[in-house]
A.B. asks: 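After the structure tokens below, expect a handful of questions from me.
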Amino acid sequence: MPELPEVHNFKLYFDAAATGQTISGVTVHDDHILRNLPGPAFADALTGRTIVGSLRRGKYLFAHLDNDHSLLLHFGMTGDLKLYQETADRNKFERFALHFADGNTLGFDDPRKFARILYLQDHVAYIQEIKLGPDALDLTLEDWLDAVKGRKATIKGLLLNQSILAGVGNLYADEICYRTRIHPAAHACDLSDDQLTDIHTETVAVMKYGTENAPYYKDYPEDWFWHVWREEGKAGPEGIGEVKVTKVAGRTTYFVEGWQH
DNA sequence: TGTGATGTTGAATG
DNA sequence: GCATTCAACATCAC
């Protein structure tokens with residue numbers, strides 16, 4: 001579930017669970033998601049370190065350590081965090097866990113193993129290296145227009161492009177297109193400045209709403225998002241059009257044909 | 001049993 | 001070189 005608002009929620013959880021904690025040990029069950037260090041080296045690098053804070057940018061969460069290095073947590077499709085004390089409470093799909101000096105354990109769960117966990121000496125350099133764009137909440141209208149005006153790509157594809165803006169994923173991209181009544185497969189170069197401005201406005205609004213009010217995607221109001229119209233064939237708002245499912249930018253896409261143009 | 005899933009990447013293509 | 005698309009990744013749940 002992790003798009004920007006969900007990762008924001010992970011940050012809140014992580015901060016409460018881990019900030020100020022000293023790592024007394026690390027258990028690695030499966031090092032597939034550890035992308036730049038093998039399990040034992042990963043454990044060595046973290047053991048003895050204290051977590052001093054965190055930074056979220058888009059879907060990336062950087063945990064800062066007391067040696068100025070960082071632990072990157074990217075949750076992939078199915079990453080999750082769980083703080084517990086008893087081993088019996090460990091999640092079935094925990095891939096590694098940080099044990100804290102106070103007796104708690106923070107487990108990183110990931111059934112599908114698409115998460116990416118990296119030990120970074122310099123998180124700023126890493127952000128540059130992967131060309132991660134500004135957080136969607138901080139994206140200025142100017143930067144957005146500069147990045148997308150005249151582009152031939154679909155608007156949904158651009159919304160999902162993390163080097164333009166960081167944090168929008170498949171579900172929210174559909175929501176943003178729906179709200180602006182723009183067809184997700186519309187080419188950016190065919191959209192007016194007003195339409196592109198609308199996209200920017202709604203992107204920021206949706207992300208802001210998500211981070212401020214709805215920590216978990218199922219908790220959004222019932223008249224929002226997937227709750228209402230993520231169902232093929234359903235009549236659109238005001239009885240206009242009907243929901244279609246297609247592929248845009250390689251992702252399953254829901255939109256209301258006849259409502260979005 | 002087959003299918004699809006909230007993400008990213010790197011190869012292939014235009 | 002740049003922009004874009006798409007298969008691949010690994011596993012589970014329906």
Side-chain angles (χ1 to χ4, degrees), chain A residues 1-11 13 28-36 56-62 72-81 91-96 108-118 120 126-133 135-136 146-178 184-190 203 206-207 209-211 214-220 224-232 244-255:
Chain A
M1 66 217 139
E3 301 183 34
L4 189 154
E6 290 76 32
V7 178
H8 169 79
N9 192 42
F10 285 140
K11 174 177 161 55
Y13 189 90
V28 177
H29 308 290
D30 182 332
D31 64 4
H32 184 268
I33 62 172
L34 308 180
R35 307 293 173 143
N36 69 348
R56 183 195 59 73
R57 174 143 157 181
K59 306 169 196 172
Y60 292 72
L61 183 61
F62 300 91
L72 165 63
L73 305 176
H74 186 293
F75 296 85
M77 298 273 252
T78 53
D80 201 359
L81 297 173
N91 189 295
K92 183 179 169 189
F93 299 111
E94 181 179 284
R95 301 307 182 189
F96 75 92
F108 189 98
D109 313 323
D110 186 22
R112 230 174 128 187
K113 298 202 271 198
F114 281 8
R116 344 178 62 77
I117 308 300
L118 282 84
L120 301 173
Y126 179 78
I127 285 171
Q128 284 175 350
E129 182 189 325
I130 64 170
K131 298 184 166 61
L132 186 62
D135 189 80
D146 279 353
V148 302
K149 262 175 86 164
R151 292 278 287 267
K152 202 187 153 194
T154 60
I155 193 64
K156 175 162 177 177
L158 293 167
L159 280 168
L160 293 174
N161 184 334
Q162 305 295 302
S163 64
I164 296 175
L165 74 167
V168 176
N170 196 32
L171 272 60
Y172 289 88
D174 282 359
E175 171 69 17
I176 292 160
C177 290
Y178 167 75
H187 299 284
C189 56
D190 295 331
T203 298
V206 166
M207 291 296 136
Y209 181 90
T211 52
Y216 189 62
Y217 77 119
K218 286 178 180 166
D219 298 331
Y220 284 81
W224 256 58
F225 295 86
W226 37 88
H227 289 311
V228 182
W229 53 281
R230 208 171 154 88
E231 183 187 333
E232 187 165 24
K244 295 281 183 187
V245 186
T246 181
K247 284 248 191 240
V248 179
R251 307 298 301 279
T252 299
T253 298
Y254 290 76
F255 71 103

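Chain naming here is simple, since letters A, B, ... match the order of the sequence lines and numbering starts at 1 in each.
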A.B. asks: Ion pair present between A:Lys156 and A:Asp174, side-chain N to carboxylate O less than 4.0 angstrom?
C.D. replies: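 Looking at A:Lys156 and A:Asp174, the cut-off is met.
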A.B. asks: Using atom CG of A:Leu160 as one end and atom C1' of B:dT9 as the other, report the distance to the nearest whole Å.
C.D. replies: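 It works out to 14 Å between those atoms.
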A.B. asks: I need the A:Ile33 CD1 to A:Arg112 CZ distance, nearest 0.5 Å.
C.D. replies: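 Reported value, rounded in 0.5 Å steps: 14.0 Å.
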A.B. asks: What I'd like to find out is whether the side chain of A:Pro5 reaches to under 4.5 Å of the side chain of A:Met207, using heavy atoms alone.
C.D. replies: yes
A.B. asks: Expressed in whole Å, how much space separates the P atoms belonging to C:dC12 and B:dT9?
C.D. replies: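 The same atom, P, in both gives a distance of 24 Å.
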A.B. asks: Could you list, one pair per line, each protein nitrogen or oxygen that sits under 3.5 Å from a nitrogen or oxygen of nucleotides 2-6 of chain C, together with the distance?
C.D. replies:
{"residue": "C:dT4", "atom": "OP1", "partner": "A:Lys152", "partner atom": "N", "Å": "3.2"}
{"residue": "C:dT4", "atom": "OP1", "partner": "A:Ala153", "partner atom": "N", "Å": "2.8"}
{"residue": "C:dT4", "atom": "OP2", "partner": "A:Arg151", "partner atom": "NE", "Å": "2.8"}
{"residue": "C:dT4", "atom": "OP2", "partner": "A:Arg151", "partner atom": "NH2", "Å": "2.8"}

A.B. asks: Is A:Ile117 close to A:Arg35 at the side-chain level, that is, under 4.5 Å between some pair of heavy atoms?
C.D. replies: no
A.B. asks: Taking Watson-Crick and G-U wobble pairs with both distances under 3.5 Å, convert DNA chain B into its dot-bracket string, 5' to 3', dots for unpaired and | for cross-strand pairs.
C.D. replies: .||||.||||||||
A.B. asks: Measure the distance from CG on A:Asp110 to P on B:dG7 and round it to the nearest whole Å.
C.D. replies: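 The distance from CG of A:Asp110 to P of B:dG7 comes to 13 Å, rounded to the nearest Å.
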A.B. asks: Using a strict cut-off of less than 4.0 Å between a Lys/Arg side-chain nitrogen and an Asp/Glu carboxylate oxygen, indicate whether A:Asp109 and A:Arg95 qualify as a salt bridge.
C.D. replies: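 Salt bridge absent between A:Asp109 and A:Arg95.
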A.B. asks: With rounding to the closest Å, how many angstrom separate the P atoms on C:dA10 and B:dA11?
C.D. replies: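 Rounded to whole Å, the distance is 16 Å.
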A.B. asks: Between atom CG in A:Leu118 and atom P in B:dG7, what is the gap in whole Å?
C.D. replies: 19 Å
A.B. asks: Identify the two heavy atoms, one from A:Ala166 and one from A:Gly133, that lie closest to each other, and give their separation to 0.1 Å.
C.D. replies: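 A:Ala166 and A:Gly133 have their closest heavy atoms at CB-O, 3.6 Å.
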A.B. asks: Give the B/S/- string for nucleotides 9-14 of chain C, one per nucleotide from 5' to 3', where a protein heavy atom under 4.0 Å of the base yields B, of only the sugar-phosphate yields S, and otherwise -.
C.D. replies: BBBS--
A.B. asks: When the nearest nucleotide of DNA chain B is assigned to A:Thr252 and to A:Lys59 on a heavy-atom basis, which residue is associated with the more 5' position?
C.D. replies: A:Thr252
A.B. asks: If we ignore angles and hydrogens, is there a donor and acceptor under 3.5 Å between the side chains of A:Tyr172 and A:Glu6?
C.D. replies: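 Yes.
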A.B. asks: For A:Arg116 and B:dG7, give me the distance from atom CZ to atom P, rounded to whole Å.
C.D. replies: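 Computing the A:Arg116:CZ to B:dG7:P distance gives 13 Å.
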A.B. asks: Looking at every non-hydrogen atom in both residues, tell me the closest pair between A:Ala136 and A:Leu165 and how far apart they are.
C.D. replies: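 For A:Ala136 and A:Leu165, the tightest heavy-atom pair comes out as CB-CD1, 4.0 Å.
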A.B. asks: Between A:Glu3 (side chain) and A:Gly58 (backbone), is there a donor-acceptor pair under 3.5 Å?
C.D. replies: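 Side chain of A:Glu3 to backbone of A:Gly58: no pair is present.
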A.B. asks: Using whole Å, report how far CG of A:Leu61 lies from P of B:dG7.
C.D. replies: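 Whole-Å distance recorded here is 16 Å.
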A.B. asks: Would you indicate, yes or no, if B:dG7 has its OP1 or OP2 atom less than 4.0 angstrom from a side-chain nitrogen or oxygen of A:Gln162?
C.D. replies: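 Checking B:dG7 against A:Gln162, no side-chain N or O comes under 4.0 Å of OP1 or OP2.
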A.B. asks: Counting the atoms with a prime plus P, OP1 and OP2 as sugar-phosphate, which does A:Arg251 contact under 4.0 Å by heavy atoms, base, sugar-phosphate, or nothing?
C.D. replies: base
A.B. asks: Any donor and acceptor pair, going by atom type alone, linking the side chain of A:Arg57 with main-chain N or O of A:Leu132 inside 3.5 Å?
C.D. replies: yes
A.B. asks: Pick out which of A:Phe114, A:Tyr60, A:Phe108, A:Tyr13 makes a ring-ring contact (aromatic ring centres under 6.0 Å, His included) with A:Phe75.
C.D. replies: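 Among A:Phe114, A:Tyr60, A:Phe108, A:Tyr13, the one that satisfies the ring-ring contact (aromatic ring centres under 6.0 Å, His included) with A:Phe75 is A:Phe108.
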A.B. asks: Whole-Å distance between B:dT9 C1' and A:Ile33 CD1?
C.D. replies: 17 Å
A.B. asks: Strictly distance-based, threshold 3.5 Å: is any side-chain N or O of A:Lys59 a donor or acceptor partner for the main-chain N or O of A:Val168?
C.D. replies: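 Checked: pair present.
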A.B. asks: Distance check needed: B:dT8 P versus A:Ile127 CD1, whole Å only.
C.D. replies: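 Whole-Å distance recorded here is 14 Å.
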A.B. asks: Using atom NE2 of A:His74 as one end and atom C1' of B:dT9 as the other, report the distance to the nearest whole Å.
C.D. replies: 11 Å
